[in-house]
Amino acid sequence: MSLQLRQGARARRPVRQTGAGLRRALAGLAVAAGLAQPAGAQTAEEQTERPRVAAVSWDLAQTLAALDAPPAAVAGLAGYRKWAVTPELPAATVDIGRRMEPNLSVLRAVDPDLIVMSRFHDQLVDPLSRIAPVQSYQMFPADGDALQRVRSVAEQVARRLDLMPAYRRLDGELERALDSLSRTVAQAAPGESVYVAYFQDEQHVAVYGAGSLFQPILERAGLVNAWQGRTNGWGYAVVELSELDAGADRLVVLDPVPDKAQTLMAKSPIWRALPVVRDGRVHRIAPVWAIGGVPSAVRFARLLEDALHDGG
Amino acid sequence: MTAVSLRRPSPAVLVVPALVAAALALALANAQTYGGLDAVRLVLEQGSAAPVRAVELVYGWLPRVVVALVAGAGLAAAGTVMQQVLRNPIASPLTLGVAAGSQLALSGVTLLAPGMLSLLAEPAAMAGGAAALALVLGLSWHRRLDPTTVVLAGLVVSLYIGALNAGLLLFFQYDLSSLLIWGSGVLTQHDWSDAAFLLPRLAAALALLALLRRPLGVMTLDDASAHGLGLGLQRARLLCLAVGVYITACVVSAVGIVGFVGLAAPALARTLGARTVGQRLLLAPPLGGTLLLLADQIVVGLDPILPGLLPTGALTALVGAPLLLVLLRQLRVGAPSGGMSASAAAGAGRAPRLSSVWLIAALLVLLAVTVGRDAGGWTLDGPFAVLAGEPWRLPRVAAAACAGLLLGLAGALLQRLLRNPMASPEVLGISGGALIGVVATLYLVPTAGQLGLVGAGTLGAFAVVTGLLLFAHRAGGAPERLLLVGIALKALFDATLGVVAVSGTPFWQRLLNWVSGSTYLADWTTVGAALAAVALVLPLALLLHRWVDLLGLGGEQAAARGLHVAGARQALLGLAALATAAATLLVGPLSFVGLMAPHLAYILGFRSSRAQLAGACGIGVALMVGADWLGRTVAVPYEVPGGLVASFVGGLYFMWLLRRL
């Protein structure tokens, strides 16, 4: 059965390679037109030499891309580009549909050598393993220090795909970003307390606390998370805005902020009376995929550092 | 009108002071946690420099109280008007699909023009609500807006809109995340803007209704007498309904969907003896305001001890759904629809060959197995190549086929037993019951296995069937009413989903996906279990078709021919429940296949109970397999769950059917 499956899959190879040819041609066009090639993007030839990996969840997709081995296929590609943003994925990346139900026929045409995903999607192991070996990793719920957890997942992925040099480089990048953040904090905001929140709608926020990726980053940088309350397994709680009423020094708001919430920030008396707004500072930073891996951690550390610089 | 003219005041009069006292006490207790009057003084003295808790009292808690009162009053007024105009005691913004229409329109605006939401919210909600109501009325126009038909049309339109909304959420989950909280009816306020938005609009609407009080009063007369009084009756009706829709749209765009207040308050006013519409318009809005305030202050009070947000809309639905069942008993049911009653079934039709139906089903199965689509385009493979190359396709097709068969069978049994062509597992809420069982289990025991879920689903379905039997007994031979139980169950079901949705955990994605009814995860184990269900239910149903025939004649005749009526009925309904539970686990609760298949079978000429059962099974297979195939191929690489596709098609069919009855 498995032999037949491989034969069936191989029969599809020509189709894919036609597609690769087209992609190469398009990439050439893009270069000719002077369009920026995303950093770390590989040519189609280089990609085919490496194992082809498909990523069902975005935490793994960004981790792979950060290890200079961008996945050949990603589920929910448009969403990744909107919500996780970096590392950018090559233009040739194939979209395999919803993360809850990756399209098996399309995935088969991609013909990956490995499929990786979050353990949250474990119900997909059976159907997906008919196409290629499946490896799932648990970043969240982190059950403890999320930074340690996402690091060790990145290392496992790197080991599995023989990318250890890239992992060491990525880990060094993370260390540098965290150190740099710590230095900035020591200068600009030593020991301050910080809320990190994302507006769900104009009156409710997801506020990140224990178990989130941001918690250990704040701690390491010498900051205190102002949210000491309950969180769900993924490290956040959805609460009314008015619950952010501790006397914190800063509120970091992750983009995108809904239209109506922007109006709220301009007008609402409760918003203005929040101690952190009245006496502290509010920073808006670009989107960060909060249940993401090492790239999310690097991205958050850098964005936070920029915000501290700009906001003084 | 003076109090003297009120009819015998019922003991329910005591309910009003109790409600008001409870709402006030709770509200004041909650206010104390913010600092009470001292807090107000602080805010007056210091402005925004006052402590945040004090500011929250004045700009959070206080407008929230006002919004609850105003929204509750508005919904009550809207419900009163709708009930009056349509001469229908269970008309309300919720049961007529108006709230759902507004919600869908707002989802559309959020997706297409998020930057314009503040500007477009009100007109879009108005347009969506009006469109939904127009659809409901259009569907029941030919039956002179008969109350049962109107509410049934409202249910179908709400179910259909719900399916569309679920489809949008499935694909634009993060873009619509702000709608999840709002859509479940959360009354949190952060300034006076919502109150300032609602107050003048509601005041204007109520003033207009006060002017329209006299024509409204005439509407209880039948059309002929009203025309005799020289009224432009239709125009006055439309105007009143438009006011009702406008109020609903304003409330929905401000606080989302808060169900049942618009139903409960007018009903309570009637129970208290308010006979004329003028009295009801005076009494229902304050009652509605009090009810919503009470519910909302319970939520505010509970908030510190709950693990997550509890939407006020979910609470009103939990309390309101049982109330609807009580109200259903007041509904005067129109003449049972003709067309397909069991007596007509005895008449001979030109019966086609059963084999041709199954041939079509088989051809569709072949199509679904051999024709696929990937990123490169359409593909055609022989069955053996598919087995080798895409081994997941066959189990999915088989699971869809089993689900279609089971739903067709359950629908045929229910339509025969209840002697109602509109009966089906979806409409009766049996699917919803199965789903509530599964959702509750998944929520409490996330690690529950497939067997546990089947058990929970079956239990849920049986609970609904038992309730239906009890209710049918009480309703005394008016099975039409049973259909409306589906409304109550749908509301309960939405409330359950709402609680999970606002919790914000990724668990929600899995649940939404599951509700949408996908065969994606079907494997041979699933198919084995589904086949076992088919092997159990199908032969029994075919063996017992004589019971079905006898029961179709009516209880007395069946008993006269020696049938143990209650036992036989229970056994057959139990079979239907089992089939429904199994099918719901395969393709979700919304497919409408259980409605369509038996009905199509009947139209095609399968008139005897045995023929209809067999025909419905074949057609169910064809429908479900076709829907599943369409869902897999229509938007590659994105898959649309087959249950959702079937409900898009099935909902339209139901509407068409409603117009023909």
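Please read all numbers here as calculations on a predicted model, not as lab measurements. Order of the sequence lines sets the chain letters (A, B, ...), proteins ahead of strands, with each chain counted from 1.
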inquiry  = Checking A:W289 now: which residues fulfil ring-ring contact (aromatic ring centres under 6.0 Å, His included) with it, not counting sequence neighbours?
reply    = A:W58, B:Y174
task = State, to 0.1 Å, how close B:P395 and A:R130 come at their nearest heavy-atom pair, and which atoms those are.
result = CG-NH2, 4.3 Å
query = Say you draw a straight line from OG of B:S518 to CZ of A:R98; how long is it, rounded to the nearest 0.5 Å?
reply = 7.0 Å
query = Distance-only, no hydrogens or angles: does the B:E639 side chain make a donor-acceptor pair with backbone N or O of A:N103 under 3.5 Å?
reply = no
ask   = Just by distance, with hydrogens left out, do B:H190 and A:S242 show a side-chain donor and acceptor under 3.5 Å apart?
value = no
Portion of B:A50 that has a non-hydrogen atom of chain A nearer than 4.5 angstrom = backbone
message = Once rounded to the nearest 0.5 Å, what's the spacing between atom OG of A:S105 and atom CD of B:E390?
response = 3.5 Å
ask   = Looking at CG of B:L170 and CD of A:E101, how far apart are the two atoms once the value is rounded to the nearest 0.5 Å?
value = 7.5 Å
remark   = Closest heavy-atom pair, A:S268 versus B:D191, reported as atoms and distance to 0.1 Å, is CA-OD2, 4.3 Å
ask   = In Å, rounded to the nearest 0.5 Å, how long is the span from CD1 of B:I181 to NE2 of A:H204?
value = 5.0 Å
Nearest-0.5 Å distance, CG of residue B:D303 to CD of residue A:E240 = 5.5 Å
query = To the nearest 0.5 Å, what is the distance between CZ (A:R108) and OG1 (B:T379)?
reply = 8.0 Å
inquiry  = Minimum heavy-atom separation for A:D126 and B:D523, please, with both atom names.
reply    = OD2-OD2, 4.4 Å
request  = May I ask you to name which of A:V239, A:L104, A:D95, A:D201 has the most heavy-atom pairs under 4.5 Å with chain B?
outcome  = A:L104
remark   = Smallest heavy-atom separation, A:V106 atom then B:P637 atom, equals CG2-CB, 3.9 Å
query = For the residue pair B:Q189 and A:I270, what are the closest heavy atoms and their distance?
reply = O-CD1, 4.1 Å
inquiry  = So which atom in A:G76 and which in B:Y638 form the shortest heavy-atom distance, rounded to 0.1 Å?
reply    = CA-OH, 3.5 Å
query = Quick one: does B:Y59's side chain have a donor or acceptor within less than 3.5 Å of a partner on A:A273's backbone?
reply = no
